Amino acid sequence: MSKLWYKQPARIWEEAMPIGNGRMGAMVFGGVHSEQLQVNEESIWYGGKVDRLNPDALKYLPEIRELLKNGQIGKAQGLMNNALAANPNSVHPYQTLGDILFWFGQNGKLSSYERSLELDKAVSSVEYTLTQEDKGEDTTFTREYFFSKPADCMVMRFAANGTQGLSFNVRLERGRFYDGAGKYEDKGICLYGNLGKGGFDFAMLLCAKAVGGSCTLIGENIVVENAKEVYLYFTADCTYHYAESELTGDKADTDKMLANMDNILSKAMNTEYEVLKQAHIEDYQSLFNRVELTLEGTSEEEKLPTDERLKRMQEGQSDVGMAKYLFDFGRYLLISCSRKGGLPATLQGVWNKDFAPAWDSKYTININTEMNYWPAEPCSLSECHEPLFTLIYKLRENGRRTAKEMYGCRGFVAHHNTDMHGDTAPQDIYIPATYWVMGAAWLCTHMWTHYIYTKNTEFLKEAYPCMLEAALFFVDFLQEQDGYLVTNPSVSPENTYILPSGESGACCVGATMDFEILNDLFGACIKASKVLEGESMDFTIPGVTDVKELPGQLEEILKKLPPIRIDSTGRIMEWMEEYEEAEPGHRHISHLYALYPSEQITVDQTPELAAAARKTLEQRLKNGGGHTGWSRAWIMNHYARLWDGEKAYENIELMLRNSTYPNMFDKHPPFQIDGNFGACAAISHMLVQSNEERVILLPALPAAWKSGSIKGLSIVGGATIDLTWKDGKVTACTIHALKDIDTVVKCGESNYNVSVLAGTEWNL
Ligand code: FUC
C-alpha cells in the first residue's frame, strides 16, 4: 500500500490532497466542521487567443545581431526590449475554477481523525469520530473522494455511522469572477460564467443523492438533513472543448456543453457507487500498476503520518522510505493531470487555487514543461506524454508566423513560454529569459524520445514533419561567425554574465545550450528520416521544395555548430566566451542539458566532459544552487547520469527536507509540479538507464537502498524491465520485449549482448 496520511485536516492548500482525472482536479482539505474542495478544469484560462507579434521585430533584427556580435550588449538588449518584446508582452493566466464549500451541522468533541490519499487507488478519504459527551455517544463520519476518468466526474461518498445523521449545506463559489449560480433544474446546483473578452464559457455542476434524511435545493445551496449516506457528483467544463475553432462566444457551444455535463452526471447518478469506484480504480491502475518500486527496511516509519515523517527529515533524520513516496507520487500526479486527449500539465499540473498564479501557471518551456514529462517514458506512462505532442502541433501552426514575421525564417519557432492556445511570441520583458528561440526545438526532442521508447512508427510518421520543421527554422536562423554557425540573438536561460568592463548582460551570441539542443533535434531528424525511409511519406513544409533534402542539410550544419567546451577552471562553458557569472549558484544549469536530459556527455564515452560537468555542478551547489525544487530535481538527474548514487540520494534528501510541502507537492516556492516529476524521473534513472545502445542496471544505486526491486520500467527499444537487487548487487533481471530489441545490458563489470523478439523475454 502506498498512502499519504495525516492526523489533522489541511490548514493550508499545500496540505490538501490533490485528486484529478487529467482534465479536472480537486484539492481535498478534509475539514471537520467545514470542507473545502478547491477545483480546477484544464481549459480555464483567462481571456482568448491574442495576436502579440511585435511588428518591428524583423526591421531591427539585423541591427540587434550586429550589436550582439560587437559586444554592445546593453544597447542590443535595449533594442530587443523595444523591437522584439511582444505587444502585449504576456499571455493570459491559467486560473482556478473555484470551490465546493461545505458546512456541517454535526456536533461533539473530535475524538479521532485521519485523512489520506491512497496512491495505488487514487482515492482520498477522511474519517473522524465526534463524541457527544453529555449523551456518551459516538458517531463516525467517513468521506471518500475520487476523480474518475471513465465517468468524467468527481464522485464522493459521505457517511455517518452512529447516533448523529449527516447534515450539511454545500454551495459553489468562484470569488467574484462568475456570472450566475443557482439551482440546476431540480437536479442540483450550478455556477457559470465567461472567461473575459474573447474567452470561453464555463460551468460547474454538483448533484447529490441522500440515503435517509432529506436533500433539498434552497437558493444556490444543496441542503442535506439527517442522512445516513450522501453521494455527490461533480463535473465542470468549458466551451474550449466544444468550439470548432478558437473563436468563442457561440451559444450553441454552451448548450452542447451543458447537455453533456447533464448527461455525465445523470449517468453517474444512475450507476452504483461501487461500480463507479471500481471502474475508476481499474482505469487508474492500468497505468499506475505498470511500475512497482520496493525498498527494503523502511517499514518502521510507515507507522508515522506523512507530515511527521517530513518534519523528522527536516530535523535531520533519515527516512529512506520517503523516496518511494516521491517516486509513486510523481507517477500518481502525472496520471492525474495529463491524460490522452487533454491539455498538458502546467507549472502546477492541473491544480491551481489562484486567479493570478505565479508565472500564470502556464507552460514555461525553457525547462519546466520539459521536466514535467521526464518520467513519462521511463516510468511507462507513455500515453500521458501525448498532451504535450498535441500542444507542439499547435505551436507549429502559430510558430510558423512568428518565425516568418519576427525573424524572416521558414520553419516554426517558440519562445520561453506558451499557453493552451500554443502561443509562440516572446513572453514578458525580462532580458534573461524573453528572447530565447529554442522552445519548440527542445519540445520536439520529446517526440523522438517517445519514439525510441515505444518504437511506434505511426507516431513518428506524424511527428517527423513537425520535428523537421522545428529544425528548419535554424537552417535559416543560424549566422556565420568565426567559422561556426551560431544562434544570434541567444540567451542561456535565465543566467546573467559580467563583462570585463563590469557591465552585465544575458543576451549573447551562441549560448552553449542552443547547440546541445540542436545536436539532439537535428540528430533525431536524421535518424527519423532513416527509420522512415521505406514508409510512404507524403508531406510538404512551407518554403521547402524537396523535404527529402533537409536531413542532408542538417548533417552539414551539425558539422559547423560550436563544440561543447571546457573553461580554464575545468567547467563546461555556458557561453562562447569565458564570462564571470553574476549568480554562480544560479538555478538554471542549461549548459548541462548535454548531460541530462541529453546524453551528449556520458561517463564512459566523454569522461573529460563528464568530469567538467561534475565540476560545474559542484560550483553551482557550493554557491547555493538547488534552492528551487525543480533545480534540485535536475541536479538529481545530473548525478544519476554521472553514476553517482550517493550524490543523487543526497539531493533527494535535500529536496524532501527543503523543497517539499506537507502534501508532498514540490516547493519552488511556491508550489510548482516540475520538481515532483523531475524527482520521479531521477529515481528511475538511478535504477536503470537506457539509450539506443545499452541498458545499465543500477547505475546510481545509493547505499541507503541496499536491497529492493523495481518492476515494469520502460527501456529504450520497446521493452520493460524488472530488477531485483540485494546488498547493492543485482540478483535478478528480466526484460520483456514489446518490440524486437537488440541491446547491451551492463551489469556491474559484465556486458551482455541481448537480442529479444517481441513478446518474449530475456533473463539474467
Ligand atoms: C523559470 C524559472 C523560475 C520558475 C519559472 C516558472 O523562469 O527560472 O524559477 O520556475 O520558470
Side-chain angles (χ1 to χ4, degrees), residues 14 45 85-86 89-95 333 337 344-354 356-374 388 391 414-420 423-439 442-443 490-497 506-507 511 513 517 574 581-593 597 620-621 623-638 651 654-655 658-661 665-679 681:
E14 292 80 1
W45 290 66
N89 70 61
S90 179
V91 296
H92 298 306
Y94 170 58
Q95 296 190 318
L333 290 174
C337 78
T346 72
L347 287 171
Q348 301 189 185
V350 72
W351 302 277
N352 158 37
K353 66 177 166 35
D354 297 313
W359 293 287
D360 311 304
S361 191
K362 49 185 156 22
Y363 304 109
T364 306
I365 57 176
N366 68 4
I367 171 68
N368 316 86
T369 304
E370 287 86 353
M371 186 179 282
N372 284 356
Y373 288 92
W374 287 350
L388 186 69
L391 183 68
H415 292 84
H416 92 296
N417 273 212
T418 187
D419 63 0
M420 76 159 170
D423 184 280
T424 54
Q427 166 71 32
D428 302 328
I429 302 185
Y430 181 55
I431 284 291
T434 301
Y435 311 108
W436 184 76
V437 295
M438 308 305 297
W442 189 351
L443 287 173
S490 166
V491 67
S492 188
E494 301 182 10
N495 211 352
T496 299
Y497 58 80
C507 294
M513 182 196 224
I517 293 176
E574 181 159 0
E581 293 164 284
E583 204 188 308
H586 199 268
R587 60 195 181 284
H588 287 259
I589 321 168
S590 307
H591 44 323
L592 293 200
Y593 165 95
R620 278 283 208 273
L621 286 167
N623 288 283
H627 49 284
T628 66
W630 67 259
S631 183
R632 183 70 70 197
W634 200 353
I635 292 167
M636 282 175 206
N637 282 286
H638 283 139
N651 281 282
L654 285 167
M655 170 173 256
N658 305 330
S659 303
T660 304
Y661 286 109
F665 266 170
D666 170 68
K667 186 196 280 184
H668 181 292
F671 160 53
Q672 209 170 276
I673 207 161
D674 42 15
N676 287 108
F677 293 135

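Bear in mind that the values here come from a model prediction, so they are computed numbers and not experimental data. Remember, it's 1-based here, ligands and their atoms both numbered in the order they're listed.
- Of the possible donor and acceptor atoms, one in the side chain of H586 sits under 3.5 Å from a partner among the backbone N and O of E494.
- Closer than 4.0 angstrom to ligand 1 sit non-hydrogen atoms from L347, W359, T364, N368, E494, R587, H588, W630, H668, Q672.
- Among residues two or more places apart in sequence or in another chain, the side-chain contact (heavy atoms from CB on, under 4.5 Å) test is passed with N89 by D428, I429.
- Minimum heavy-atom separation, Y373 to A345: OH-N, 2.8 Å.
- E574 and S492 get closest at one heavy-atom pair: OE2-OG, 2.7 Å.
- Checked against the 6.0 Å centroid criterion, the rings of Y363 and W442 do not qualify as a close aromatic pair.
- Heavy-atom minimum distance, V350 versus Y94: O-OH, 2.7 Å.
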